[in-house]
Amino acid sequence: MEDTKNIDRPQPFSAIPPQWLRYLIVVLLIIGIFFRFANLGGKVYWIDEAYTSLRISGYTESEFIEQVADGQIRDIQYLQKYQRINSEKTVFDTVKGLALEEPQLAPLYFIATRFWVQLFGDSIAVTRSMSAVFSLLALPCMYWLCWELFDSSLTAWLAVALLAVSPFQIVYAQEARPYSLFVLTVLLSSAALLQGMRLKTNSSWAIYAVTVAAGFYTHLLFALVALGQGIYVAISEKLRFNKTLIGYLLASIAGFIALFPWIVVYLQNAHNASHKLGWQSLPMPFSKLVANWVLNITRQFFDAGLYSNLPRAASLVTIPIILMSLIIVGYSFYWLLTHSPRRVWLFVAISTCATVAIFLPADLILGGIRSINTRYMIPCYLGMQIAVAYLFASKITAPQVTVQLQKLWRLALAAVLSIGIISCCIYLPADSWWNKDRSYINIPIARTVNSASRPLLVADLWVYSVDTIAHLLGLSYLLVPQTKFIVFPPQTLEIPQNFNEIFLYGISPQVTAKIEKTTTYEIEKIYSLKNGDVILSKLRTK
């Protein structure tokens, strides 16, 4: 009987990694595990994470607004009611809230995280640790995928090592959102697909069907991953209606049928999804799009945080690293296309380009910022890391490469891994990062409010709607218990008099103008965003 395992496989560069590399990989895995779980509660809890806790608590936005925006003065800790598991709400309320108000978010991550915090507590660190666990499970999935692709343990282990200390992966391993689970399901379904094509058994296709369903219920953008996988199977099988194609179609259809209930939910509440995703159409100059594309590619291997906040000297140092990262990624794809079998480079190329082919033209033609959203481009970045792993596996032990060149390539590998580790060391103690959006400003705001005696925070729903008090949810983790807050419903304003210091948080310009016009207060601006929006101001008697 013909051995199907080795059909159209590249020749392995080495049966197993050399001993020195095995020791290095073990060290890198330990370091990667440490980075995923260290200081989990140290970063600011930003608005999307506050939404995660709102969802897993079982409360809806409408309930939140109705119960909070009523003009009543409360302790800031009252907001934690909407961030904690409680006996009033069940996991069905979690799913219901997503279905009604955010159907673009598939429920698997939120269900898993709710059960996780029920078991271990609902602190920031515990809530985020669910993502760290998913990110850890992605490592063996990366090994499986690369083994199926290359039949080389060396390439597979190098891909795992790169993933283990990738700054990008560490950032999302420590965020209470579904993206590390998305990484896991993309790798898992890709490996299961290749296994199904190799074994052609009912059980292997059943495993693939389960991974497809899990992918869809993790993130609806998995549809692009599934589309790319379908294109790959169709090209590989030359559209012949054979056993492989039949097995793939049946498994894909089963996975899609499993999603059907959520498709109905999405269609019924599509207007809410469109409202939540309106930010995708924000205009951005082409030059800034390009700059963000470059930074996002680089962040797979090197990440200095908010580059705009770096001193000029430090910014200049990062330029050569960024250029070298781009060169390595570009050369990796050239090497993959010219030195691996068609079935290998075709899979990696399609996996990398499936999301790019949708979002990049959309931004260039229609306008928007979808392609610079790192969370959407996860399948693309995984393809890049696989290509880089293949390049280094080809160079550091291959007999056709001279000893001197092998040493140079080993030095380059050490540099790439070291830069990733250094980036993670910079990230680890930081209290905010580029993925926290405008919530970084909550840190100095909290210091200012906490230094006041008997402070009152005033917010409103005139313009910013739920986003203002959702930011307030994240801020509540940072404020001292004696802080009071009040949220006014629309078109209502009555400033309390019995507080030493009154702060306005995210107040709309309309309300600000009304305060200055109809009260005895003048407004002192304290913190503003780069776009000029005033986030925190203080009332002073005229």
Side-chain angles (χ1 to χ4, degrees), residues 155 158-159 161-172 183 284-310 312-340 345 348-361 363-364 369-396 405 408-424 426-427 433-435:
T155 308
L158 284 179
L162 289 169
L163 194 72
V165 297
S166 167
F168 177 84
Q169 296 296 327
I170 300 301
V171 166
Y172 282 112
V183 171
M284 179 172 284
F286 178 72
S287 60
K288 287 191 175 181
L289 283 175
V290 172
N292 278 280
W293 295 335
V294 169
L295 286 180
N296 290 341
I297 292 172
T298 305
R299 281 172 174 148
Q300 310 312 304
F301 312 99
F302 168 70
D303 187 0
L306 291 168
Y307 290 82
S308 58
N309 291 346
L310 290 177
R312 181 173 178 81
S315 298
L316 293 176
V317 172
T318 65
I319 292 175
I321 300 176
I322 291 173
L323 291 176
M324 288 305 300
S325 298
L326 293 177
I327 291 171
I328 289 174
V329 170
Y331 185 62
S332 295
F333 277 99
Y334 165 78
W335 188 261
L336 184 78
L337 292 172
T338 56
H339 289 80
S340 69
W345 65 254
V348 179
I350 292 177
S351 299
T352 305
C353 296
T355 50
V356 176
I358 299 296
F359 290 127
L360 195 148
D363 286 349
L364 294 179
I369 54 174
R370 304 164 193 84
S371 61
I372 69 169
N373 189 321
T374 54
R375 301 163 291 182
Y376 289 0
M377 308 300 288
I378 282 173
C380 172
Y381 300 144
L382 291 174
M384 292 178 186
Q385 291 185 317
I386 291 171
V388 171
Y390 178 75
L391 171 67
F392 281 118
S394 304
K395 297 294 187 180
I396 64 174
L405 282 177
L408 286 175
W409 279 105
R410 291 173 186 176
L411 184 63
L413 173 62
V416 170
L417 294 171
S418 298
I419 289 171
I421 293 172
I422 291 170
S423 299
C424 294
I426 297 171
Y427 164 81
W433 211 245
W434 52 263
N435 61 312

Indicate every side-chain donor-acceptor pair of residues 408-422 with a distance under 3.5 Å to a residue at least two apart or in another chain.
from	atom 1	to	atom 2	distance (Å)
Arg410	NE	Ile396	O	3.1
Arg410	NH2	Ile396	O	3.0
Arg410	NH2	Gln406	OE1	3.4
Ser418	OG	Ala414	O	2.6

Report yes if some heavy atom in the side chain of [X] is under 4.5 Å from a heavy atom in the side chain of [Y]; otherwise report no.
X: Trp293; Y: Ser371; result: yes
X: Lys395; Y: Leu405; result: no
X: Trp345; Y: His339; result: no
X: Leu391; Y: Phe333; result: no
X: Phe168; Y: Asp303; result: no
X: Trp434; Y: Thr374; result: yes
X: Ile369; Y: Ile372; result: yes
X: Trp335; Y: Ser394; result: yes

As an exercise, state the distance from [atom1] of [X] to [atom2] of [Y], rounded to the nearest 0.5 Å.
X: Phe302; Y: Ile297; atom1: CZ; atom2: CD1; value: 15.0 Å
X: Arg299; Y: Ser325; atom1: CZ; atom2: OG; value: 12.0 Å
X: Met324; Y: Ile328; atom1: CE; atom2: CD1; value: 5.0 Å

[X] versus [Y], closest heavy-atom pair with distance:
X: Thr352; Y: Val356; answer: O-CG2, 3.6 Å
X: Cys424; Y: Pro167; answer: SG-CA, 4.0 Å
X: Leu336; Y: Ala387; answer: CD2-CB, 4.5 Å

Q. Would you say Tyr331 has more than 12 foreign heavy atoms packed within less than 6.0 Å of its OH?
A. yes
Q.
Tell me every residue that passes salt bridge (charged side-chain N to carboxylate O under 4.0 Å, His left out) with Arg370, counting only those two or more places apart in sequence or in another chain.
A. Asp363
N/O donor-acceptor pairs under 3.5 Å from side chains in residues 375-386, not counting sequence neighbours:
from	atom 1	to	atom 2	distance (Å)
Arg375	NE	Asn373	OD1	2.9
Arg375	NH1	Asp48	OD2	3.1
Tyr376	OH	Gln280	NE2	2.6
Gln385	NE2	Ser166	OG	3.1

Q. Is the backbone N or O of Val165 less than 3.5 Å from a side-chain atom of Gln169, with the two atoms forming a donor-acceptor pair by type?
A. no
Q: Determine, step by step, whether Leu158 and Tyr390 satisfy the side-chain contact (heavy atoms from CB on, under 4.5 Å) criterion, reporting the C-alpha distance in whole Å, the side-chain angles of both residues, the deciding distance to 0.1 Å, and the verdict.
A: CA-CA 8 Å; Leu158 284 179; Tyr390 178 75; over 6 Å; no
